[in-house]
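Structure, as C-alpha cells:
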Amino acid sequence: MFEQDWIMRQIHEMAKMIAHVMLNAEVCSTVAELPQEERDLADDLINRMKSGNVQEAVDAVNRLADNNTKNNLIIGLEFYSHLSDMDENFLESNAYSLVKARTDFKAFADKFGLNQMTDLYFGSDSE
C-alpha cells in the first residue's frame, strides 16, 4: 500500500510540476483551454483507461507524444494525472502495474525533452 501511494504520488506530483514549470498553470486549467476536439480526445483516453483498457490508452498517449506539441503534452499530463488516481488492484486486474505506470510516464515526458527533470525526480535508469 505504501509503495502504491508513493509511486502514484510521484507521477501526480511530477505531472503537476511539469505543468507548472512548462505551462505556468495547473493541468486541469490547461486542458480547459484546449480546442474541443483535443478535450474530447483527452476525455476518450481517460475513459478508455478507466474502463480497463489501460495499456491501450497508455499506448495512444505515447503515440501522441511522438508529435510533441504543447497540446499533446497537456493531454498526456491530464491522462497521467488521472492514471495516478487509480489503485493498485485496478491496475493489476487490467494487466498493468505501478512500476509500468512510472516507466511509461517517464518515457512520455522524455519525448518532450524532460528527461533531466524526470531523472532528478525519479532517479536515472542507471541508478
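Note that the structure is predicted; figures quoted are calculated from it, not measured.
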Quick check: does any side chain N or O of [X] sit under 3.5 Å from a backbone N or O of [Y], one acting as donor and the other as acceptor?
| X | Y | value |
| --- | --- | --- |
| D87 | N89 | yes |
| K111 | N62 | yes |
| N53 | M49 | no |
| T103 | V99 | yes |
| N47 | D43 | yes |
| N72 | N67 | yes |

Open item on the list: With a sphere of 6.0 Å drawn around CD of Q36, does it hold more than 12 non-hydrogen atoms of other residues, nucleotides or ligands?
Closed with: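 Count over threshold, so yes.
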- [ ] Answer whether the closest heavy-atom distance between the side chains of F105 and L77 falls below 4.5 Å.
- [x]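 In short, these two side chains touch, coming nearer than 4.5 Å.
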Task: Nearest heavy atoms of Y96 and Q55, plus distance in Å - done: CE1-OE1, 3.3 Å
TODO: Of all the heavy-atom pairs spanning L83 and A101, show the shortest one and how long it is.
DONE: CD2-CB, 4.1 Å
Open item on the list: Testing L64, L41, L45 one by one against F79 for a side-chain contact (heavy atoms from CB on, under 4.5 Å), which residue passes?
Closed with: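 With F79 as partner, side-chain contact (heavy atoms from CB on, under 4.5 Å) holds for just one option, L45.
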Task: Residues that N71 engages under side chain to side chain contact (heavy atoms under 4.5 Å, CB included), provided they are two or more places apart - done: L34, P35, E38, T69, I74
Open item on the list: Under the rule for side chain to side chain contact (heavy atoms under 4.5 Å, CB included), what residues qualify as partners of E92, not counting sequence neighbours?
Closed with: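 E88.
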Reported [atom1]-to-[atom2] distance for the pair [X] and [Y], which is rounded to 0.5 angstrom:
| X | Y | atom1 | atom2 | result |
| --- | --- | --- | --- | --- |
| I75 | F108 | CD1 | CZ | 8.5 Å |
| L98 | S84 | CG | OG | 11.0 Å |
| I46 | S81 | CD1 | OG | 8.0 Å |

Open item on the list: Using the rule given for side-chain contact (heavy atoms from CB on, under 4.5 Å), can you reason through M86 versus V54, listing the C-alpha separation, both sets of side-chain angles and the distance that settles it, and then say yes or no?
Closed with: CA-CA 10 Å; M86 298 294 103; V54 180; over 6 Å; no
Task: D59 bridged to R63 by N-O distance under 4.0 Å - done: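 No, this pair does not count.
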Task: Y80 and D104: side chain donor to acceptor below 3.5 Å - done: no
